[in-house]
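Written out below as structure tokens is the structure these notes cover.
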Amino acid sequence: MTRMVAEDVARTGSGPAPLLTVRDLCTWYFSNEGVVHAVDGVNFDVHAGRTLGIVGESGCGKSVTARSILRIVEKPGRIVRGSIHLHPPAGQGEPRDLVQLREDGPEMRAIQGGDIALVFQEPMTSFSPVHTVGNQIIETIRLHDRSMTKALARDRAIEMLQMVGIPRAERRVDEFAYQLSGGLRQRAMIALALACNPRLLIADEPTTALDVTTQAQILELLKRLQAERGMAIMLITHNLGVIAEMADDVAVMYLGRVVEHAPVRELFRSPQHPYTRALLRSIPSLHVPPRQALATIEGTVPHPLNRPSGCPFHPRCEVAIAGTCESHVPDLLPIGTGPAPALVSCFLHHPFGDGARQETN
Amino acid sequence: MMAFLIRRIVLALITTLAVSMLSFLIIQLPPGDYITSYIAAQSASGSVVSEEEAQNLRKLYGLDQPHYVQYFRWLGQVVQGNFGQSMEWRRPVGEVIGDRLGLTMIVSLAALVFTWLLALPIGIYSAVRQYSIGDYIVTFIGFIGLAVPGFMIALLILYFGFKYFNLNVGGLFSLEYAQAPWSLGKAWDLAKHLPIPALILGLSGMAQGIRIMRANLLDELRKPYVMTARARGLHPAWVVLKYPVRVALNPFASTIGYTLPYIVSGSIIVSLVLSLPTVGPVLLKALVAQDMFLAGTIVLLLGCLTVVGTLLSDIILVLIDPRIRLEGK
């Protein structure tokens with residue numbers, strides 16, 4: 001059942017080794033009704049200083065991928081296969097496979113919030129309703145740096161709040177999250193996430209709950225902080241506009257799998273996977289003739305317990321190859337040559353039986 | 001905070017006044033009065049009370065006056081700390097319930113403490129380990145606790161305690177201390193007798209508490225702030241205790257208000273079965289005999305207990321929940 005070996009997917013960006021390599025990650029939920037393959041063989045790399053956008057419809061496994069990386073998948077979900085290697089800064093030891101660590105063990109807890117931090121979709125409910133913003137920031141700082149005194153950690157918390165552009169930070173630090181506006185709350189969330197200088201920030205729909213102006217400000221803030229700190233960002237969103245704005249590389253997910261992975265320009269200029277093409281066609285545009293119906297993708301996302309056989313997209317695919325797509329799962333393989341080729345998982349590009357090993361089911 | 005307190009206390013006083021009116025009214029509602037039931041009792045034992053005698057008795061107790069006059073007379077006395085004369089016991093009401101009231105408070109508080117000490121950790125366990133074997137066992141016991149009336153459990157414990165362990169679980173004191181004045185020995189004797197009544201009285205409350213804690217915590221555990229707390233690298237156990245449990249405590253704090261009187265009044269039958277010298281059995285007797293001043297006083301006290309309990313829960317809520325504290329600021 002080994003679907004793909006790490007080396008097969010040498011990819012994304014050029015130059016230094018990636019910060020995080022995810023290979024064949026499978027996170028399944030074992031419910032009474034059956035097994036939901038929320039994440040089913042995901043591969044990608046995240047590089048320091050770059051932004052990887054992960055895009056897909058609701059339920060495609062974007063968020064579960066993020067939680068798997070942080071090892072906070074809630075029951076009845078479980079990582080059943082794959083690896084998530086976190087590479088230390090150059091010359092500081094070997095990469096560690098997060099899947100092998102105990103999810104509540106000291107090593108993993110040092111990584112959670114320390115090396116990898118998370119910003120959530122819902123700034124309203126991501127803070128405790130009964131603790132001050134400062135309380136939670138100070139707690140995190142002192143957790144990851146035992147030498148910090150309370151007073152020092154408090155100063156640092158105020159500094160962080162200032163850094164993310166919260167006015168009168170020395171007063172806001174003692175306020176509760178619900179006393180802040182949505183935009184400020186998301187800024188505070190980012191301050192909380194960045195308090196321990198993480199090398200990777202996972203932002204799970206960070207702007208979905210915000211109005212458009214605030215959205216732009218938060219994205220701007222993330223960009224600035226990334227430039228200042230050189231951290232990697234994994235940006236999860238269903239908003240292709242946000243992807244175009246922010247990402248360096250994009251992974252398009254569908255039903256728990258990455259179907260296309262390409263540098264952002266390439267993806268928008270020449271999308272390869274039929275699903276990506278359909279997605280891009282369904283973006284409303286000012287340039288289309290008036291009264292023309294917006295293109296949509298036929299059908300709906302299948303029920304997670306009722307996954308199609310073969311390529312998960314084949315029932316909705318306009319160009320599905322009868323006899324192949326419904327019975328075989330295409331691998332994620334490079335298109336063309338060069339140092340950073342796009343990767344696509346589609347039989348149109350890699351005809352079945354054409355050299356590459358493909359799985360039947 | 002000060003303004004809040006004053007406002008709440010004024011409201012509590014007004015509520016108490018309304019409660020006193022209502023309790024008086026309720027006692028007057030059944031047909032007849034104490035004299036009627038006195039006559040009935042007398043004739044049952046063979047002696048006859050003449051009409052004239054009855055009128056004299058009514059005059060003596062002020063029962064010939066209109067209800068509102070009786071109420072204000074009673075209220076005037078109550079404010080001065082005089083709760084009137086118990087007709088049944090032929091002693092001042094204060095004397096009849098004085099000692100019992102203290103014991104009632106002790107038993108109720110013990111039951112309450114027992115309820116909370118067990119319900120909170122069990123509820124937390126049950127939510128965190130939802131659908132585990134432990135959760136099923138605890139839930140099962142909880143439903144039994146809810147479904148089986150307290151007096152039934154009291155009877156069972158009495159029976160098995162006596163039959164197999166030769167224990168006499170009734171009462172709050174051993175024979176030698178029952179009538180003795182208060183001393184260290186008597187207090188210790190009370191402490192030894194307290195656990196079983198407290199357990200029986202607290203059982204249904206505990207079962208309820210477990211359900212409430214479990215349901216609340218399950219809701220809270222799904223909130224994003226729990227996941228963000230874990231994503232910050234906090235220990236899972238600490239995450240649960242610091243964040244969702246703290247939020248899930250709110251409903252507990254708000255139930256103090258009715259838990260207190262519930263334990264006192266809900267304990268009537270259990271107290272009878274266990275022959276506890278508490279207010280409950282006295283209330284029952286007073287109601288049967290239409291001993292209005294005694295019954296009225298006890299109902300009034302229960303009402304006050306509710307008002308005080310509610311005031312307490314409001315204050316506790318304000319202390320533990322900033323969302324309530326800062327409302328309207």
Side-chain angles (χ1 to χ4, degrees), chain A residues 31-32 63 66-67 69-76 102-132 135-137 139-144 174-179 189 192-193 195-196 198 201-202 204-205 209, chain B residues 124-136 213-214 216-254 313 315-329:
Chain A
S31 69
N32 288 336
S63 297
R67 287 174 204 173
I69 293 172
L70 274 160
R71 299 298 314 278
I72 51 172
V73 176
E74 71 278 76
K75 280 176 191 166
R102 245 185 55 223
E103 67 176 11
D104 53 357
E107 265 190 291
M108 193 60 227
R109 281 191 282 122
I111 292 169
Q112 297 167 335
D115 292 290
I116 307 175
L118 177 71
V119 171
F120 243 163
Q121 173 168 175
E122 309 251 343
M124 179 71 209
T125 45
S126 291
F127 277 106
S128 155
V130 292
H131 295 87
T132 61
N135 175 304
Q136 289 161 87
I137 302 182
E139 175 185 47
T140 314
I141 294 172
R142 297 192 69 203
L143 186 75
H144 291 283
D174 292 321
E175 289 189 1
F176 295 89
Y178 63 88
Q179 290 171 287
M189 199 65 223
L192 173 61
C196 300
L201 177 71
I202 301 179
D204 188 352
E205 306 261 10
Chain B
I124 293 171
Y125 168 84
S126 194
V128 173
R129 298 255 180 277
Q130 190 190 14
Y131 301 140
S132 67
I133 295 178
D135 177 32
Y136 283 125
M213 189 68 201
R214 183 175 182 273
N216 285 328
L217 193 53
L218 281 176
D219 279 350
E220 290 301 323
L221 282 173
R222 293 192 193 104
K223 297 262 171 82
Y225 67 83
V226 178
M227 194 163 277
T228 42
R230 281 205 51 202
R232 288 188 276 133
L234 297 170
H235 193 281
W238 176 242
V239 169
V240 170
L241 288 181
K242 179 173 175 186
Y243 296 102
V245 166
R246 169 85 188 271
V247 179
L249 276 179
N250 276 13
F252 260 87
S254 42
S313 16
I315 293 173
I316 292 175
L317 274 178
V318 162
L319 289 180
I320 65 173
D321 194 336
R323 288 170 297 186
I324 299 170
R325 178 162 71 234
L326 297 167
E327 206 173 276
K329 253 196 186 173

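Note that the structure is a prediction, hence the values are computed from the model and not measured. We name chains A, B, ... by the order of the sequence lines, and we start the count at 1 in each one.
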Subject >> Engaged part of B:I320 at the chain A interface, taking heavy atoms whose separation is under 4.5 Å >> reply: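 For B:I320, the contact with chain A is made by the backbone alone.
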*Test item: A:E74 and B:L221 side chains (from C-beta on) under 4.5 Å apart, heavy atoms*: no
Report yes if some heavy atom in the side chain of A:E139 is under 4.5 Å from a heavy atom in the side chain of B:W238; otherwise report no.
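Contact flag for A:E139/B:W238 side chains = yes.
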Structural part of [X] lying under 4.5 Å from a heavy atom of chain B:
| X | result |
| --- | --- |
| A:R67 | side chain |
| A:L143 | side chain |
| A:L192 | side chain |
| A:M189 | side chain |

Margin query: I'd like to know if the side chain of A:H144 reaches the main chain of B:R232, judged simply by a donor and an acceptor atom lying under 3.5 Å from each other, with no hydrogens or angles considered.
Written below: yes
_N/O donor-acceptor pair under 3.5 Å between A:T125 side chain and B:K223 backbone_ =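 No, A:T125 side chain to B:K223 backbone: no donor-acceptor pair under 3.5 Å.
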Here the gap from A:N135 atom CG to B:K242 atom NZ, rounded to the nearest 0.5 Å, amounts to 3.5 Å
CE (A:M108) and CZ (B:R230) are apart, to the nearest 0.5 Å, by 9.5 Å
Heavy-atom closest pair (B:Y243 atom, A:S128 atom, distance to 0.1 Å) is CD2-CB, 3.2 Å
Note to self: For A:S126 versus B:T228, what's the shortest heavy-atom pair and its separation?
What the structure shows: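 That would be O-OG1, 2.8 Å.
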